[in-house]
Amino acid sequence: MNIVVCIKQVPNTNEVKLDPVTGTLIRDGVPSIINPDDKAGLEAALRLKDATGAHVTVLSMGPPQADAVLREAMAMGADDAVLVTDRAFGGADTLATSTTIAAALKKIPYDLIITGRQAIDGDTAQVGPQIAEHLNIPNVSYAEEIQVEGDTVTVKRQYEDRYHVVKVKMPCLITALSELNQPRYMTPGGIFDAYREKQVTVWGLNDIEVDTDKIGLKGSPTRVFKSFPKSLKAAGTVVQLDAEDAADYMLEKLREKFII
Ligand SMILES: Cc1cc2nc3c(=O)[nH]c(=O)nc-3n(C[C@H](O)[C@H](O)[C@H](O)COP(=O)(O)OP(=O)(O)OC[C@H]3O[C@@H](n4cnc5c(N)ncnc54)[C@H](O)[C@@H]3O)c2cc1C
């Protein structure tokens, strides 16, 4: 079985701060990590590799420094890594991103493609399902459990108040939740192999078959028009009431804001 896991390099958003003057993100000194949902997806693939001998390839689209997350994935146990990188891919929205990634995936043998549910920087949760559409394969999102038997994948799909057990035939695409598992650490031997022995395959625009009108900024139907931090709420109001009136007051305020 061939599994391809799409991993995105993201700034660790727990550590990102806003510049109070310009309102832009301060990325200096903020470490980049494997997006958490993708890391769980990778761990799920590696467990399938442990159980069935599956071949695991990791793929990332991004600037050359995304090499680091691919090496980390190989140090955890992935067999191969592909970096899709070219200036022409820059400025992409989710449609252009998924178009590029799908074009690269067409060159890699796959039975199962795993993406994360969502990236913690863009936060759209659109890229996985869009890749499935481009490749015309079924997609099950929000996987909190994945099992493989023969050519069938059984996924426990999370909803707000329930779950569905969905069976799907391969080839298919699953989007993984970070709750899926606890990813393993890199091993020392894995780190040596990943940095000394193994190669990351690098593909630019000329290595994949894609319509240049559908990638990068040009191929993006959406544009980020403005970005800004959310303004602080006004100072709170202090009211002096006895316990019963205070409860009524709070209920009324919550109703006013449609919170309850
Ligand atoms: C309106 C709009 C305009 C944008 N304009 C720009 C821009 O001008 N410049 C710019 O740099 N960015 C831009 N972006 C951000 C860019 O579109 C996203 O970073 C990218 O499309 C991935 O979307 P996401 O982060 O929401 O991922 P999600 O859809 O939340 O990711 C889901 C999963 O898809 C996979 N995945 C996503 N991206 C990658 C990747 N690159 N490589 C491998 N796997 C991946 C991962 O497994 C991930 O967990 C824009 C986004 C939007 C919504």
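Start at 1 and go down the list; that is how both ligands and their atoms are numbered. Both backbone and side-chain heavy atoms feed into the values below; hydrogens, waters and symmetry mates do not.
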**Student:** When you compare ligand 1 with T115, is there at least one nitrogen or oxygen pair between them that comes in under 3.5 angstrom?
**Tutor:** no
**Student:** For I101, take its heavy atoms, then give the atoms of ligand 1 lying under 4.0 Å from any of them.
**Tutor:** 39 (C), 40 (C), 42 (N), 43 (C), 44 (N), 45 (C)
**Student:** Going by the salt bridge (charged side-chain N to carboxylate O under 4.0 Å, His left out) test, which pairs reach into residues 41-55, not counting sequence neighbours?
**Tutor:** E43-R47, E43-R184, K49-D79, D50-R184
**Student:** Note the single closest protein heavy atom to atom 32 (C) of ligand 1, along with its residue, its atom name and the distance in Å.
**Tutor:** G116 O, 3.6 Å
**Student:** Is there a nitrogen or oxygen of T124 sitting under 3.5 Å from a nitrogen or oxygen of ligand 1?
**Tutor:** yes
**Student:** Against I120, only a single residue in I33, D37, D38 fulfils side chain to side chain contact (heavy atoms under 4.5 Å, CB included); can you say which?
**Tutor:** I33
**Student:** Checking L205 against I215 for the side chain to side chain contact (heavy atoms under 4.5 Å, CB included) test, could you report, in this order, the C-alpha distance in whole Å, the side-chain angles of both residues, the deciding distance, and whether it holds?
**Tutor:** CA-CA 10 Å; L205 179 60; I215 57 163; 3.5 Å; yes
**Student:** Taking atom CD as the centre, does E209 end up with more than 12 heavy-atom neighbours from other residues, nucleotides or ligands that are less than 6.0 angstrom away?
**Tutor:** no
**Student:** Below 4.0 Å from ligand 1: does a non-hydrogen atom of A125 turn up there or not?
**Tutor:** yes
**Student:** Inspect the surroundings of CG in N136 and state if more than 12 heavy atoms from other residues, nucleotides or ligands are less than 6.0 Å away.
**Tutor:** no
**Student:** Please state which part of S98 comes within less than 4.0 Å of ligand 1, counting heavy atoms only: side chain, backbone, both or neither.
**Tutor:** neither
**Student:** Taking only heavy atoms of Q126, which atoms of ligand 1 are found under 4.0 Å from at least one of them?
**Tutor:** 29 (O)
**Student:** Among protein heavy atoms, which sits nearest to atom 38 (N) of ligand 1, and what does the distance come to when rounded to 0.1 Å?
**Tutor:** K8 CD, 3.5 Å
**Student:** What atoms of ligand 1 come within less than 4.0 Å of a heavy atom belonging to D121?
**Tutor:** 25 (O)
**Student:** For R157 and E145: C-alpha separation, side-chain torsions, deciding distance, then whether salt bridge (Lys or Arg N to Asp or Glu O under 4.0 Å) applies.
**Tutor:** CA-CA 7 Å; R157 184 186 196 278; E145 231 175 77; over 6 Å; no
**Student:** What residue and heavy atom of the protein are closest to atom 14 (N) of ligand 1, and at what distance?
**Tutor:** A92 O, 3.4 Å
**Student:** Got a sec: does the NZ of K107 have more than 12 other heavy atoms crowding it under 6.0 Å?
**Tutor:** yes
**Student:** Classify the contact between D123 and ligand 1 as side chain, backbone, both or neither, using a heavy-atom distance cut-off of under 4.0 Å.
**Tutor:** backbone
**Student:** Hey, which atoms in ligand 1 end up nearer than 4.0 Å to a heavy atom of L59?
**Tutor:** 43 (C)
**Student:** Any atom of ligand 1 sitting under 4.0 Å from a heavy atom of V84?
**Tutor:** no
**Student:** Would you kindly specify which portion of V127 sits under 4.0 Å from ligand 1, judged on non-hydrogen atoms: side chain, backbone, both or neither?
**Tutor:** both
**Student:** Output the list of atoms in ligand 1 that are nearer than 4.0 Å to some heavy atom of I7, sorted by atom number.
**Tutor:** 42 (N), 43 (C), 44 (N)
**Student:** Quick one: nearest non-hydrogen protein atom to atom 42 (N) of ligand 1, plus distance?
**Tutor:** M61 N, 3.0 Å
**Student:** Could you go step by step and tell me if D86 and W203 meet the side chain to side chain contact (heavy atoms under 4.5 Å, CB included) rule?
**Tutor:** CA-CA 8 Å; D86 200 300; W203 286 341; over 6 Å; no
**Student:** Take atom CD of Q182 as the centre, draw a 6.0 Å sphere, and report whether it contains more than 12 heavy atoms from other residues, nucleotides or ligands.
**Tutor:** no
**Student:** Which residue supplies the protein heavy atom nearest to atom 51 (C) of ligand 1, what is that atom called, and how far is it?
**Tutor:** D93 CA, 4.2 Å
**Student:** Which bit of T94 gets closer than 4.0 Å to ligand 1, counting heavy atoms only: side chain, backbone, both or neither?
**Tutor:** both
**Student:** Membership question, hydrophobic clusters at under 4.5 Å side-chain separation (ILVMFWY): are L42 and V155 in the same one?
**Tutor:** yes
**Student:** Say whether I113 and V58 are linked into one hydrophobic cluster, either directly or through other cluster members, by side-chain heavy-atom distances under 4.5 angstrom.
**Tutor:** no
**Student:** Which of the atoms in ligand 1, numbered in the order shown and given with their element, are less than 4.0 Å from a heavy-atom of T222?
**Tutor:** 1 (C), 2 (C)
**Student:** Of the protein's non-hydrogen atoms, which lies at the shortest distance from atom 44 (N) of ligand 1, and what is that distance?
**Tutor:** C6 CB, 3.5 Å
**Student:** List ligand 1 atoms under 4.0 Å from N35, heavy atoms only on the residue side.
**Tutor:** 49 (O)
**Student:** When you measure from atom 31 (O) of ligand 1 to every protein heavy atom, which one gives the shortest distance, and what is it?
**Tutor:** A119 N, 3.6 Å
**Student:** Contact between R117 and ligand 1, counting heavy atoms under 4.0 Å?
**Tutor:** yes
**Student:** Evaluate the criterion side chain to side chain contact (heavy atoms under 4.5 Å, CB included) for residue pair C172 and L112; output intermediate values, then yes/no.
**Tutor:** CA-CA 5 Å; C172 63; L112 176 61; 3.8 Å; yes
**Student:** Does K8 form a salt bridge (Lys or Arg N to Asp or Glu O under 4.0 Å) with D121? I'd like the steps, not just the answer.
**Tutor:** CA-CA 10 Å; K8 186 180 181 193; D121 56 350; 2.9 Å; yes
**Student:** To the nearest 0.1 Å, how far is atom 9 (N) of ligand 1 from its closest protein heavy atom, and which atom is that?
**Tutor:** G91 CA, 3.3 Å
**Student:** Under 3.5 Å between any N/O of L217 and any N/O of ligand 1: does that happen in this structure?
**Tutor:** no
**Student:** I'd like to check which ligand 1 atoms, numbered from 1 as shown, lie under 4.0 Å from a non-hydrogen atom of V224.
**Tutor:** 2 (C), 3 (C), 4 (C), 5 (N)
**Student:** If a pair satisfies ring pair (Phe, Tyr, Trp, His ring centres under 6.0 Å) and one of its residues is in residues 127-183, list it, with sequence neighbours excluded.
**Tutor:** Y159-H164
**Student:** Do M61 and F89 pass the side chain to side chain contact (heavy atoms under 4.5 Å, CB included) test, and can you show the C-alpha distance, the side-chain angles, and the key distance before you say yes or no?
**Tutor:** CA-CA 8 Å; M61 168 184 150; F89 304 141; 3.9 Å; yes
**Student:** Ligand 1 versus D38, non-hydrogen atoms closer than 4.0 Å: side chain, backbone, both, neither?
**Tutor:** side chain
**Student:** Would you say the side-chain atoms of S32 pair up with the backbone N or O of P11, donor to acceptor, closer than 3.5 Å?
**Tutor:** no
